[in-house]
Number of protein chains: 2
Amino acid sequence: MSDAEQTRQKILDVSADEIHKNGFNATSLSVILEKCEISKGALYYHFTNKIELGYAVFEEIYVPMFLGMWEPALSVKDPIEGLCDFFNTVSNEMICDEAVCGCPLNNLCQEMANVDEGFRQRILNMQEQLNDLISSSLQKISNQLRNNIDYSQVSYFIVASFNGSMNLSRSSRNKELFQKVIAELCHYIKALKK
Amino acid sequence: MSDAEQTRQKILDVSADEIHKNGFNATSLSVILEKCEISKGALYYHFTNKIELGYAVFEEIYVPMFLGMWEPALSVKDPIEGLCDFFNTVSNEMICDEAVCGCPLNNLCQEMANVDEGFRQRILNMQEQLNDLISSSLQKISNQLRNNIDYSQVSYFIVASFNGSMNLSRSSRNKELFQKVIAELCHYIKALKK
DNA sequence: AATATAACCGACCGATTGGTTTGTGGCAAG
DNA sequence: CTTGCCACAAACCAATCGGTCGGTTATATT
């Protein structure tokens, strides 16, 4: 990787971290510059403006990370078990000492989807991708599941509930509460089976 | 109501609206002053600073509005039906023309719970109040429900899922999607019955 | 050696932010 | 009539924001 690419990557990594912690608007470019130990000129050489930097973080950091988490959970023999394991892992591994930051994509979604059309489109795209992933995984074992299941509806509900749970735990900073809600979510998912 | 009280109330109302639309940090005091047609001196006569204004909006506007929505839904003969009616009403009455703003309390929760301890405490307090409300309402008809129900867990899950659904609809701006997720939530709630 | 370009520096800019301070009209009490 | 306080108005402040721009350095090319 060339020097320039390294700088660009460092900007992306630091920005992803800062945006995750503070949200997009509250993230200051000057803080990013400090942590990267670069000048403003360097940043604006690689990115035309703040929002383009945000898009790049979304596409090059958040989306791969996001899919890298969900995909393995769904591409197992039993996606129902896979999902529950995934949710439980997330809820168990949650760190309570520091401020809980929640899912970066989910956060960005709440903050920016209504403000900026570029973010909104990217978020929508992600949501649809994830929904396809879940619903197709569930359909593969449809013979084991209840009849009359609207797979798209169920998938969106699972994602919505999981996000809602993360938000709850984020604001309450209560790991046990998070685990309880996740337990109920898993209870619901498992009830999809016959 | 005295003149002073009227100005104070107007500040609260306008601020509540602005914070609902833009979030707390993105809400500018100057915009509030314009819409209220008052000067900065007036605002700082009634409130010591921006965050105290935020607390006042939370306590005097959002909380009463919030409880005023949930309570009637739960204080009916069948709270299960009450909840489903409530959720369906919300999803049907949602306005898609303008930017969908979601639940102000939920938004504030995501934005501020990890940033400001004062907001976090107030939010936590609200969440517990709501959870008590739901779980006690469900317990009243426990004879009609399945055995082995963890009422607190179920209540938190309902709230988390509902919030997650609102967030989903907020970012997708898709009323039908919202209604589908709500339908699944109602499906889950009704399955609590024997 | 001269030139060109990529990669970056850092001073500067206008706009806006939350917040302070000084002043002032009106009304009520003495 | 005057004094004093309430309820503001309006100018002002430092800090910070995202963004611009002229200049510099290192490397590659001719």
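Sequence lines set the chain letters: A, B, ... in the order given, protein chains first and strands last, and positions in each chain run from 1.
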Colleague: Any side-chain to backbone donor/acceptor pair from B/Arg170 onto A/Gln110? Under 3.5 Å, distance only.
Modeller: yes
Colleague: I'd like to know if the side chain of A/Lys50 reaches the main chain of A/Asn25, judged simply by a donor and an acceptor atom lying under 3.5 Å from each other, with no hydrogens or angles considered.
Modeller: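 Present.
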Colleague: Nucleotide range of DNA chain D contacted by chain B, 5' to 3', under 4.0 Å to a heavy atom?
Modeller: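 Contact span on the strand: D/dC6 to D/dA10.
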Colleague: Give one of base, sugar-phosphate or nothing for A/Lys40, where a contact means two heavy atoms less than 4.0 Å apart.
Modeller: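 Here A/Lys40 touches the bases of the nucleic acid.
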Colleague: Should the ring pair B/Trp70 and B/Phe66 be called parallel, tilted or perpendicular, given that the plane angle runs from 0 to 90° and is split at 30 and 60?
Modeller: tilted
Colleague: Between B/Thr7 and A/Gly41, name the one whose nearest nucleotide on DNA chain D is closer to the 5' end.
Modeller: B/Thr7
Colleague: For A/Gln129, look at atom CD and say whether over 12 heavy atoms of other residues, nucleotides or ligands are found less than 6.0 Å away.
Modeller: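 Yes.
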Colleague: If you look at every strand shown and take non-hydrogen atoms under 4.0 Å, does B/Ile38 touch a base, only sugar-phosphate, or nothing?
Modeller: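 The residue B/Ile38 makes sugar-phosphate contact but no base contact.
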Colleague: Of all nucleotides in DNA chain C with an atom under 4.0 Å from a non-hydrogen atom of chain B, which is the first and which the last going 5' to 3'?
Modeller: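 Under 4.0 Å from chain B, the extent on DNA chain C is C/dT17 to C/dT20.
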Colleague: Looking at B/Gln127, B/Met126, B/Arg120, B/Gln121, which one forms a side-chain contact (heavy atoms from CB on, under 4.5 Å) with B/Ile123?
Modeller: B/Gln127
Colleague: Under 3.5 Å, is there a donor-acceptor pair between the A/Glu60 and A/Tyr55 side chains?
Modeller: no
Colleague: Taking NZ in B/Lys194 as the centre, count heavy atoms belonging to other residues, nucleotides or ligands within less than 6.0 Å. Is the count above 12?
Modeller: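 Yes, the 6.0 Å shell around NZ holds more than 12 heavy atoms from other groups.
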Colleague: Take a 6.0 Å sphere around CD of A/Glu37 and say whether it holds more than 12 heavy atoms from other residues, nucleotides or ligands.
Modeller: no
